[in-house]
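Contents: one structure, followed by commentary.
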Amino acid sequence: MAWNFAAGPALVAPNVLARLQDALVDWRGSGQSILATPFTGAAYADLQHQAESDVRALLGLGDDWRVLLLQGGATAHFALTALNLTRPGDDRPADFVITGHWSRRAAAEAAKVVRVHVAAQGDGRSIPPVGAWRLNERAAYRHLVSNETADGVQFQSFAGLPGGAPWVADMGSDLFTRPLNMGPLDAAPHDAAPFSLIYAGAQKNLGLAGLTVVLIRDDLLGRGRADIPAPFDYTAQVKANGRLNTPPVFAVLAAALSLRALREQGGLAAAAQRNAAKAATLYRAIEASGGYYHCPVAAGCRSTVNVRFRLPDETAEQRWLAAAERAGLLNLKGHPAAGGVRATLCNAMPREGADALAAFMADWVRRWG
Ligand SMILES: *Cc1c(COP(=O)(O)O)cnc(C)c1O
């Protein structure tokens, strides 16, 4: 039995894979492949509608939200969000909260379009306290990354995010792993506030690469510039019901199947519990190693999706990674920007995968620690 801890594209659940396999040859008993299903027809419209309404139900989005199933990946939407929220000549800055690799990449891309103001600069191990952020009163929008996939740093709550400008979030690696508003202080678990725009690639927790989920509040529509290529103009896509051009139909089907499975398994509160339990198993294995393994991330912002740790030195890390691979624990090498070991516990990773890794970690310390 092998367990695949790849960060992205990440694991797809076996039952989703089996349904995709069937749909390649015969989708919904039509005798036709999903790959040759016209996106202008009723069958695709129905699939898209089902996916969108499951997104709404899982996240508790109100009627003022639009759900777009686009292409480009989060990396394209770093600049596309800026193009859709500002116009040429607009001298207002965009506030960026830098907490690691992906927020740095997001800020660098957005800087091609808007004046980026770094409101906070983390060290990749912790999140600067909200009170210390230097937010710009005139910001056109504000941007954060909810889970730093490379660094293993994750916001535990969004309670207390200051208002005043629309918040945009790259939730590339943790959208659909937990309810949107999980702060203990929040009375309303189904409120997407404080965010106005959220985007995430589907290849982490919702199936396949090629699909980017963009959630946008109505009041942000119509703020973009006129020269955005139409497929990436959020307002134009909303007007065209998300079918302005050919959507990635196969990836939309994978997302629809993954969303339905999430609902059947108790929704996002249940998913959050499962993910927290998997992560706790690994953080416990780190703590139990008597200092052999070391998690560089501060206790209050350790990710439940990407668990990062180091061994005493790089030689030991390389031997460990090779031995893990031989033991069927795959793709544990850390992101090049961060080094060390990274275990990705996306939605599709079962509890048994985390348990197998924790057992391997303990066994290694008994032998070599
Ligand atoms: C994976 C990831 C990205 C990049 O996604 P692409 O689809 O490769 O563009 C951006 N942000 C976060 C947080 C990610 O995890």
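Indexing begins at 1, ligand by ligand and atom by atom, following the structure's order. FYI, side chains are in, hydrogens and waters are out, and symmetry mates aren't considered; it's all heavy atoms of this structure. It should be emphasised that the depicted structure is a prediction, and the values quoted were computed from it without experimental measurement. Start at 1 with the first residue, then count along the sequence.
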Protein heavy atom at shortest distance from [atom]:
atom                    : value
atom 5 (O) of ligand 1  : Ala74 CB, 3.7 Å
atom 9 (O) of ligand 1  : Thr75 OG1, 2.5 Å
atom 11 (N) of ligand 1 : Asp170 OD2, 2.6 Å

Study note, to complete from the structure: Within the 4.0 Å heavy-atom cut-off, what Lys204 brings close to ligand 1 is side chain

Review point. Can you tell which part of Phe78 has a heavy atom less than 4.0 Å from ligand 1: side chain, backbone, both or neither?
Key: side chain

State if [X] counts as touching ligand 1 under the rule of any non-hydrogen atom under 4.0 Å.
X      : result
Gly201 : no
Gln203 : yes
Asn147 : yes

Practice item. Indicate if Leu175 and Val16 have the same hydrophobic cluster label, given that clusters are the connected sets of ILVMFWY residues with side-chain heavy-atom separations under 4.5 angstrom. Key: yes

Study note, to complete from the structure: Thr149 heavy atoms within 4.0 Å reach ligand 1 at atoms 12 (C), 13 (C), 14 (C), 15 (O)

Review point. Against heavy atoms of Gly73, which atoms of ligand 1 measure under 4.0 Å?
Key: 7 (O), 9 (O)

**Study point:** Qualifying ring pair (Phe, Tyr, Trp, His ring centres under 6.0 Å) pairs, either residue in residues 32-51, two or more places apart
**Key:** none

Review point. Going by atom types only, do Asn306 and Thr344 share a side-chain donor-acceptor pair under 3.5 Å?
Key: yes

Review point. Do Ser103 and Glu148 have side-chain N/O donor and acceptor atoms under 3.5 Å apart?
Key: yes

Check your understanding: Rounded to the nearest 0.5 Å, what separation is found between the CG atom of Leu58 and the CG atom of Leu259?
Key -> 6.0 Å

Review point. Regarding Arg142 and the six-membered ring of Trp133, is the cationic atom NZ or CZ under 6.0 Å from the ring centre and inside 45° of its axis?
Key: no

Which pairs of donor and acceptor atoms, one on a side chain in residues 244-254, lie under 3.5 Å apart (sequence neighbours left out)?
unit_1 : atom_1 : unit_2 : atom_2 : d
Asn245 : OD1    : Gln237 : NE2    : 3.1

